[in-house]
There are 2 protein chains.
Amino acid sequence: MAQAEQTSRRAATEARILDAALDVFSAHGFRGATLDGIARAAGMSKPNLLYYFATKDEMHIALIDGLLDTWVDPLERIDPAGDPIEELRAYIRRKLGMAREYPRESRLFANEIVQGAPRIMPLLSGRLRALVRMKAAVIRQWIDDGRLAPVDPAHLLFAIWATTQHYADFDVQVRAVLDTDDPARFDTAQATLEALFVEGLRPRD
Amino acid sequence: MAQAEQTSRRAATEARILDAALDVFSAHGFRGATLDGIARAAGMSKPNLLYYFATKDEMHIALIDGLLDTWVDPLERIDPAGDPIEELRAYIRRKLGMAREYPRESRLFANEIVQGAPRIMPLLSGRLRALVRMKAAVIRQWIDDGRLAPVDPAHLLFAIWATTQHYADFDVQVRAVLDTDDPARFDTAQATLEALFVEGLRPRD
DNA sequence: GTCTATAAAGAGATAGAC
DNA sequence: GTCTATCTCTTTATAGAC
């Protein structure tokens, strides 16, 4: 009993810290984040924080590692056996859903990448690159079969990433520009993006 | 003579500092940037830097202010009297050209906005918002005239911003994912985006 | 496991010589 | 205008009591 309870207690505290760390890292970037800020958000002292994660780097790594699977999941779920247009429409929906439900996670990655991805470059040129190659082959096959307009598969994926993540990463700009702090902005975004991509990808002739 | 020469000498030094500051701010964000780093990049001592710009904030403000006009210019040039599809195609080209020619400037703004735009919020909810409203009205008129597929004008602009700026802001990811460090990636991007948007925006029925 | 106190390094800004 | 030296505050991390 003692062993399991201690383990789960530790896991709970670690989860509380990582949630606080996500708040702070996503809002200020790695360097802009401070242990003071994370400690405050987690409701504990700074040395206690460092009892669980020895360094600021270690905390950031734990956070990224814990999010990887969730982050690439929408792309992995594109089904080669499905209808091309519907598969891509569903992918856009999933990605926009991620931007809506997990904006902090999106901004965490955005901060990293904009600043040259010093801590996640291995992920980008490893797992992500391999996954893109795989899905690009699927899309290329769809095009060859005449079921999709001819576009560059990788750049199509970039366009979907950019347009959907925009609503998380640049949320403050979206809200500043729109008339009101439009609570329906994600629904309008979804309708707009689906229309653009679906019509843009429909096979010609 | 003395007066003018001193003025131009000062202007040249200021320009050299701002170029170094753009390097460092765009690569690390405001908080991640250090005066040491900027001084090194500018080839001068830290106190000398502060002789020209009294504070780090002042340097950042001078940089942003100097870039504003350039930054909104592509949107301003959308012509209500032009052909809708061609105007938007040209806008995409101009924006992608900016991402290609001025990636540091794009990342400077991206860093700001991802982190909540603490220093440029007035710009977003002022000048940018007003400009978007104006151009959104133009696009809405085009749609009402049946010259463009019905999409939300503001979100269409977001989609163009997102897809084009992606090639500057997430350049490290684009290069990591593509097969080679593809020097033609901007050309492929342009072809892909033009195809997507032009087909996606062609009036239906 | 959690805290207070503190060491050690980093970074913005100033003093003052040249 | 430019520099070296330095002040001061912030921030990462450690020491050691409870």
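Since the model is a prediction, treat every value here as computed from it, not as a measurement. Values below: every heavy atom of this structure, side chains too, minus hydrogens, waters and symmetry copies.
Taking 4.0 angstrom as the limit, B:Y51 places a side-chain polar atom (N or O) nearer than this to OP1 or OP2 of D:dG1. Neither OP1 nor OP2 of C:dG1 sits under 4.0 Å from any side-chain N or O of A:N48.
Of all nucleotides listed (C:dG12, D:dC3, D:dT10), C:dG12 comes nearest to the side chain of B:K56. The side chain of B:P47 lies closest to C:dA15, out of C:dA5, D:dT10, C:dA15. Candidate nucleotides D:dC3, C:dG1, D:dT10 were compared by shortest atom distance to the side chain of A:R10, and C:dG1 ranks first. Nearest to the side-chain atoms of A:Y52 among the listed nucleotides D:dC3, C:dT2, D:dT11 stands C:dT2.
The separation between B:M59 atom CE and C:dA13 atom C1' is 11 Å, rounded to whole Å. A straight line from CD1 of B:I17 to P of D:dG1 spans 11 Å, rounded to a whole angstrom. Residue A:D36 contributes atom CG, which lies 12 Å from atom P of C:dT4 at whole-angstrom precision. Separating the CZ atom of A:F53 from the P atom of C:dG1 is a distance of 13 Å, rounded to the nearest angstrom. One interatomic measurement links the two molecules: CZ of A:R40 to C1' of C:dT2, which rounds to 19 Å at whole-angstrom precision. Atom CZ in A:F25 sits about 12 Å away from atom C1' in D:dT12, given to the nearest Å. The nearest whole Å value for the distance from the CG atom in A:L50 to the C1' atom in C:dA5 is 15 Å. The distance from atom CD of A:E14 to atom P of C:dT2 is 11 Å, rounded to the nearest whole Å.
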- Apply salt bridge (Lys or Arg N to Asp or Glu O under 4.0 Å) to A:E87 and A:R77, showing your working. CA-CA 9 Å; A:E87 284 299 318; A:R77 284 167 59 195; over 6 Å; no
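Of all heavy-atom pairs spanning B:P153 and B:R140, the tightest one is CG-NH2, 3.9 Å.
Checking A:T188 against B:D152 by side-chain atom types alone, no donor-acceptor pair falls below 3.5 Å.
For the pair B:E14/B:F53, a side-chain contact is recorded, criterion being any heavy-atom separation below 4.5 Å from C-beta on.
Counting any heavy atom pair closer than 4.0 Å across all strands shown, A:L35 reaches sugar-phosphate atoms only and no base atom. Contacts of B:S45 with the nucleic acid, taken as non-hydrogen atoms under 4.0 Å apart, include base atoms. A:A39 comes within 4.0 angstrom of no nucleic acid atom, judged by non-hydrogen atoms across all strands.
When each of B:T163, B:L88, B:I85 is checked for a side-chain contact (heavy atoms from CB on, under 4.5 Å) with B:F197, only B:T163 meets the rule.
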